[in-house]
2 protein chains.
Amino acid sequence: MKEGPDISQIGALIGDPARANMLTALMGGQALTASELAGAAGVTLQTASTHLSRLEAGGLIAQRKQGRHRYFALADDEVGLLLENIMGFAANRGLMRSRPGPKDPALRKARVCYNHLAGDFGVRMLDRLVADGDVALDGGEASLTPSGEARIAAIGIDLAALKTQRRPVCRTCLDWSERRSHLAGSLGEALLARFIADGWAKREKDSRAIRFTAEGERRFLALFPE
Amino acid sequence: MKEGPDISQIGALIGDPARANMLTALMGGQALTASELAGAAGVTLQTASTHLSRLEAGGLIAQRKQGRHRYFALADDEVGLLLENIMGFAANRGLMRSRPGPKDPALRKARVCYNHLAGDFGVRMLDRLVADGDVALDGGEASLTPSGEARIAAIGIDLAALKTQRRPVCRTCLDWSERRSHLAGSLGEALLARFIADGWAKREKDSRAIRFTAEGERRFLALFPE
DNA sequence: CGAATGCTTCGGCTACCATCGAAGTATGAA
DNA sequence: TTCATACTTCGATGGTAGCCGAAGCATTCG
């Protein structure tokens, strides 16, 4: 009855703790196998398989067969943005899966948000780009200015390649720890990949945390000063 | 286990169709009684009462007793933003509560989003304000420039009063029909109230649609030309 | 080919929760 | 005070979905 979108199906998918844990694990950005996701959710393989079917039917995740493994990942950027958004809301209300532990500060400093950089570092990067007139924000959409294109090219990113994709190059994503936006989209993904490829930072295992090396942090802060 | 916010509780609250319908009804921005919400959800009064308790315990809605009535409303702006966000996601996936009917075009043109203007008109207003340099967007946050403050004052809104509140004056909210942002926050609320008080527009009963009078639409478009 | 690994499907169990009828509480009107 | 309205709480029911053991496919490896 009534008009408007139906939010209950999405809610039901996210509403189960096992599925929510799986989705949170996939926010790490890496494709995971059914076994790994079962472990992350704390359920057996059979149960996980059922959940994964439902998540896939609901369009939240996508699978890729590779040999005898089946890798699952979030279906697209939109799902990542949605989840980060709900996480922000939950974090504001103090709904945490555990008491803030030693890993929490690391998460707030720098973490991966599906496929791009989030946390203090992610927010700082976008702030700098906007302040320097390299990224223009317009009603929730973002775009690179000519000076921004030059800056990105100087970092060693092939913008032309990004533009050929159907995905938006620039997007903003609300950061749950900072309550401000950071850069998403294919450019956000490419930047994080660049930092990791250059050895500036590493993903921590079994966590969304990103650890910058001393040298990497120095360079990052030089590139995007406060 | 694990670190990070717990999204499953939010999802579970939204995941039930009856509760989702109630929340959607409350997106109309008006406080509703338990009976009205029961009707909107299509359940009996007792069932509705249980759902309302859970929504309140989860912090999504707040109640205000008034005589023998109990009025329920969304707890705060954040809830409205979250719901509109999820609606946008659901709409993109084609998850609608009914086949798009005659009301649908009206909803896309102008509707209330909890307490502010959304739809084509809402997006156009924010676009105009940003293009004219009256609203500055910065990493997901918005603020009025000096010229913007003058413009708003000219419309007849008491900015000083808005600033004394703890709520942010300017916010952006992702629009599900336009996939772009419109203006939320106390300013967004005040603007919509102004349009209605001036007789430019009316709320449609039992719908989120906003209907502009011919004269009101003329004036609105003059104030915020394409 | 067989054995092993990775995952899905089936069957049955259980627990939870949405639902409603009926009774209870609170506020307002007569 | 008595009745009516608005809502909540209690109790019982039924359906659904999460869960796991076991069996069934599929792929790879030796």
Side-chain angles (χ1 to χ4, degrees), chain A residues 1-2 6-26 30-75 97, chain B residues 1-2 6-26 30-73 75 95 97:
Chain A
M1 60 197 67
K2 313 295 155 46
D6 179 16
I7 58 177
S8 72
Q9 298 185 44
I10 310 286
L13 283 177
I14 299 175
D16 180 78
R19 284 194 292 264
N21 283 333
M22 291 176 171
L23 291 171
T24 306
L26 289 175
Q30 326 199 23
L32 300 174
T33 65
S35 317
E36 291 170 323
L37 288 168
V43 295
T44 61
L45 190 53
Q46 315 90 284
T47 305
S49 180
T50 313
H51 285 309
L52 290 170
S53 302
R54 296 191 57 176
L55 286 173
E56 191 179 8
L60 295 192
I61 64 173
Q63 68 167 297
R64 200 184 49 199
K65 297 180 78 163
Q66 192 165 359
R68 77 170 119 193
H69 288 277
R70 235 161 245 217
Y71 285 96
F72 293 89
L74 298 187
R97 294 195 294 170
Chain B
M1 61 195 64
K2 314 297 152 50
D6 179 16
I7 58 177
S8 72
Q9 298 185 43
I10 310 287
L13 283 176
I14 299 175
D16 179 79
R19 284 194 291 265
N21 282 334
M22 291 177 171
L23 290 171
T24 305
L26 289 175
Q30 326 199 23
L32 300 174
T33 66
S35 316
E36 290 170 323
L37 288 168
V43 295
T44 61
L45 190 52
Q46 316 90 286
T47 304
S49 182
T50 313
H51 286 308
L52 290 169
S53 301
R54 296 191 57 176
L55 286 173
E56 192 180 6
L60 295 191
I61 64 173
Q63 68 167 295
R64 200 183 50 198
K65 297 179 78 163
Q66 192 165 11
R68 76 171 119 190
H69 288 278
R70 235 162 244 217
Y71 284 96
F72 293 88
L95 299 175
R97 293 195 296 171

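Just so we're on the same page: letters track the sequence lines, and every chain starts at 1. Scope of the values below: all heavy atoms of this structure, side chains included, with no hydrogens, waters or symmetry mates.
One finds a side-chain N or O of B:H51 lying less than 4.0 angstrom from the OP1 or OP2 phosphate oxygen of C:dT19. A close approach under 4.0 Å does occur between a side-chain nitrogen or oxygen of A:T47 and OP1 or OP2 of D:dC20. At D:dA17, none of the side-chain N or O atoms of A:R54 fall inside 4.0 Å of OP1 or OP2 (strictly under the cut-off).
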Polar atoms only, N or O, under 3.5 Å: list the protein pairs with nucleotides 4-6 of chain C and their distances.
{"from": "C:dT5", "atom 1": "O4'", "to": "A:R68", "atom 2": "NH1", "distance (Å)": "3.3"}
{"from": "C:dG6", "atom 1": "O3'", "to": "A:R68", "atom 2": "O", "distance (Å)": "3.4"}

Go through the steps to decide whether A:I10 and B:I14 satisfy the test side-chain contact (heavy atoms from CB on, under 4.5 Å), and finish with yes or no. CA-CA 8 Å; A:I10 310 286; B:I14 299 175; over 6 Å; no
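Taking atom CG of residue A:D16 and atom P of nucleotide D:dT16, one finds them 17 Å apart after rounding to whole Å. Taking atom CG of residue A:L37 and atom C1' of nucleotide C:dT8, one finds them 15 Å apart after rounding to whole Å. Note: OH (B:Y71) to C1' (D:dT5) measures 13 Å, nearest angstrom. The nearest whole Å value for the distance from the CG atom in A:L52 to the P atom in D:dA17 is 17 Å. Taking atom CD on A:Q9 and atom C1' on D:dT16, their separation rounds to 16 Å, with Å as the unit. The separation between A:N21 atom CG and D:dC19 atom P is 10 Å, rounded to whole Å. The CD atom of A:E36 sits 8 Å away from the P atom of C:dC7 (whole-angstrom rounding). Atom CG in B:L55 sits about 10 Å away from atom P in C:dA18, given to the nearest Å.
Of the candidate nucleotides C:dA18, C:dT19, D:dT9, D:dT9 has the atom lying nearest to any side-chain atom of B:Q46. Comparing D:dT9, C:dC20, D:dC20 by their nearest atom to the side chain of B:T44 picks out C:dC20.
Residue contacts shown for A:A48 are absent, as no nucleic acid heavy atom lies under 4.0 Å away.
When side chains are defined from C-beta on, B:V43 does not count as touching B:N21, because their heavy atoms never get closer than 4.5 Å. Side-chain contact between B:Y71 and B:T33 is present, with at least one heavy-atom pair separated by less than 4.5 Å. Within the 4.5 Å cutoff, side-chain heavy atoms of A:I61 are placed close to those of A:L23.
At distances below 3.5 Å, not a single donor-acceptor pair connects side-chain atoms of B:S49 with backbone N or O atoms of B:L45. Although no hydrogens or angles enter the test, the distance criterion places no donor-acceptor pair under 3.5 Å between the side chain of A:R19 and the main chain of A:H51.
Considering only residues two or more places apart in sequence or on other chains, B:Q30 meets the side chain to side chain donor-acceptor pair (under 3.5 Å) condition with none of them.
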